[in-house]
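Convention: sequence-line order gives letters A, B, ...; per-chain numbering from 1. In this text the structure is predicted, and so the values were computed from the model without any measurement.
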2 protein chains.
Amino acid sequence: MTRRPGIDEVARLAGVSKSTVSRVLNGAPHVSTRAREAVRRAVIQLDYTPNQAARSLAGHRANAIALVVSEPSGRVLADPFFAGVMRGVHAELAGHRTQLVLMMSQPGDVGSYLTGGHVDGALVISSHGHDPLLSLLHDNGLPVVAGGRPLAGGPVPYVDSDNFTGAVEATQHLISSGRKRIATIAGPVDMAVGLDRLSGWRRAMSGQRTDLVAYGDFTPEGGASAMTSLLTREPSLDGVFVAADIMALGALQVLHAAGRRVPDDVAVVGFDDSVPAVPPLTTVKQDVERFGRMLTWRLLAEIEGEEGLPPSVLLPTSLVVRTSA
Amino acid sequence: MTRRPGIDEVARLAGVSKSTVSRVLNGAPHVSTRAREAVRRAVIQLDYTPNQAARSLAGHRANAIALVVSEPSGRVLADPFFAGVMRGVHAELAGHRTQLVLMMSQPGDVGSYLTGGHVDGALVISSHGHDPLLSLLHDNGLPVVAGGRPLAGGPVPYVDSDNFTGAVEATQHLISSGRKRIATIAGPVDMAVGLDRLSGWRRAMSGQRTDLVAYGDFTPEGGASAMTSLLTREPSLDGVFVAADIMALGALQVLHAAGRRVPDDVAVVGFDDSVPAVPPLTTVKQDVERFGRMLTWRLLAEIEGEEGLPPSVLLPTSLVVRTSA
DNA sequence: ATGAAAGCGCTAACAA
DNA sequence: TTGTTAGCGCTTTCAT
């Protein structure tokens, strides 16, 4: 490994001072075209890359943001939703010389690490209940944006999908197709995404029986056991709104094993448009990549100290009708 | 935001010098129990976290490793395989005060960034063909471990699953259950994982017709179009070995739409044991989390400069029989 | 076992 | 427009 060149060598080769090199590197004003060009050439010739650590230390910026998955299990990593968000985050980060640091541990460690100045801001997703992490970070002055509305309310900006409206549409589709006994497999009640989709179902079901609710944890297994319990409680159900495609996968397995045909006997509507299933799922589509981009854009703007930013952003959802309902 | 304390303040409060604090922090020897305790207390009292940038700059270590997804599309992010690996990586990283930096861009940027001393090592997964990135990093002296055998061969250590044996078992299961016209949906031929699973199928099929091969790209859509093409070429096929569950999802949709019953008309065996399907997939299971842990362990060992490390590790696979075959 | 002092490679304030 | 200078907060010899 050849020793890598420092900024001094670039300066020497370009015939200018370190400061000028630094200015060119950071796109600062007040640099002559002549100097700029000389520096550029020297950088290329030496294959120079600035030392990030030195940069952070001197510049008081970490040039990195954290993506915090506020869930010890790591369940969310397996969720297609997360994958899409991550793609969006990356896309938005491109060209910002900002690195993405992934974190998954417990609030204690994460909190002190993050507030410790190692990153310039944090994206917190999949936050449950009244997760103290969000307020902790916010109170410490670290720019934070939540992915999904935080239940605690408070002053943390967030980006979310319009889960309520999506759930209403999904349920209405079931109703208007003539289903009479419509159940729902809801998500965790300690997350806004779980609550909002359940509220949407309730809203659309107003006037009808709304006790057919079972809860899952956004895993196929959770969806399967919820479906089993619903089938036991109401064998004659003929429609289910499942609050996540990933849970619908489990539900479909159970329905199949129970000999129920989908959609003939039981119509199924999912949420996310994230998985190919048999039969293809009628579901509520959300643009997860856009979600990730929006999240990142918002955080970067916050870090730059932009004024008048919207406290929160709600992204639209839309029903996609396929075979399952 | 209260200004965060520096090492000097800890030193002052503990009544020792910066050096001693540093020693305690880094678990260095030659520190009295008395001093150690005093420092510990001061650290807690001040809620001190070391500045990572300063540490890297002075210590010539980045205290971070990169997880490089050598694929522009980001397809792999949506792959359950990747999610499992990432969980393993995190698990193994716990307690190593090492951060995980995720990278997805093009070889050019990534290469110079990585060799630029910003991370202490890199995990490269999903590398296609004769990806120059691996050799580039290796030649620059950066510790690297590949996830999945690199096609280029060369001196880069890697961790892989025993894809060949898994594929052989899967295919033998199909054969021994009496299937006569067995096809395969193979993965990309520019990746060892694609090649090895195909070789396993060929090996098990020796003596039989081996032209029923269609290729997919490890996406459900790829699996679907491969299945369509196979069905067209050989309508009477009665078994398929699909080189990835995620592709099997697409294949199952196509079979279902074509009115073929699984497993009655066509038996399907997948690979990965990563998705719940209808009907539940008979598949080759691999322990992806272990894969991630092994990968990380290997890289950390490499970074520590341990001697006599195995150049490569092959993890076992096993057949899980469910309903689809 | 402990402390003093010299950087690590950059940015930013200031001077010119 | 450019250069000089002083740190940023640690780790690490080298003394003691």
Roughly how many Å is it from [atom1] in [X] to [atom2] in [N], rounded to a whole number?
X: Lys18(B); N: dT2(C); atom1: NZ; atom2: C1'; answer: 14 Å
X: Arg55(B); N: dT12(D); atom1: CZ; atom2: P; answer: 10 Å
X: Glu37(A); N: dT1(D); atom1: CD; atom2: C1'; answer: 16 Å
X: Arg34(A); N: dG3(D); atom1: CZ; atom2: P; answer: 10 Å
X: Asn51(A); N: dT11(C); atom1: CG; atom2: C1'; answer: 13 Å
X: His30(B); N: dA15(D); atom1: NE2; atom2: P; answer: 17 Å
X: Asn26(A); N: dC10(C); atom1: CG; atom2: P; answer: 11 Å
X: Glu9(A); N: dC8(C); atom1: CD; atom2: P; answer: 12 Å

Please pick, from [options], the nucleotide with the shortest atom-to-atom distance to any side-chain atom of [X].
X: Leu57(A); options: dT11(C), dG9(D), dA1(C); answer: dG9(D)
X: Pro50(B); options: dC10(C), dT2(C), dC10(D); answer: dC10(D)
X: Ser19(B); options: dC10(D), dT5(D), dT12(D); answer: dT12(D)
X: Val31(B); options: dC10(C), dT2(C), dC10(D); answer: dT2(C)
X: Ser32(B); options: dG3(D), dC10(D), dT2(C); answer: dT2(C)

**Asked** At what distance, to the nearest 0.5 angstrom, does CG of Leu151(A) lie from CE of Met191(A)?
**Response** 8.5 Å

Look at all strands and tell whether [X] reaches a base, only sugar-phosphate, or nothing, counting heavy atoms closer than 4.0 Å.
X: Ser22(B); value: base
X: Ala53(A); value: nothing
X: Asp8(B); value: nothing

**Complete:** Tightest non-hydrogen contact, residues Val10(B) and Val21(B), listed as CG1-CG1, 3.9 Å

**Fill in**
Note: for Thr33(B) and Ala58(B) on DNA chain C, the residue whose nearest nucleotide lies more 5' is Thr33(B)

**Message:** Run the salt bridge (Lys or Arg N to Asp or Glu O under 4.0 Å) test on Glu9(B) and Arg12(B) for me, step by step, so that the C-alpha distance in whole Å, both residues' side-chain angles and the decisive distance to 0.1 Å come before the verdict.
**Reply:** CA-CA 5 Å; Glu9(B) 286 158 71; Arg12(B) 201 171 316 132; 5.7 Å; no

**Message:** Please evaluate residues Glu302(B) and Arg298(B) with respect to the criterion salt bridge (Lys or Arg N to Asp or Glu O under 4.0 Å), reporting the C-alpha separation (whole Å), side-chain torsions for both, the decisive distance (0.1 Å), and the verdict.
**Reply:** CA-CA 6 Å; Glu302(B) 186 95 7; Arg298(B) 186 65 180 73; 2.6 Å; yes

**Fill in**
DNA chain D nearest-nucleotide lookup for Tyr48(B) and Arg23(B): closer to the 5′ end is Tyr48(B)

**Asked** Using a distance-only test with no angle check, is there a side-chain donor-acceptor pair under 3.5 angstrom linking Glu92(B) and Thr296(B)?
**Response** no

**Message:** Please tell me if Thr20(B) has a side-chain N or O lying less than 4.0 Å from either OP1 or OP2 of dG3(C).
**Reply:** yes

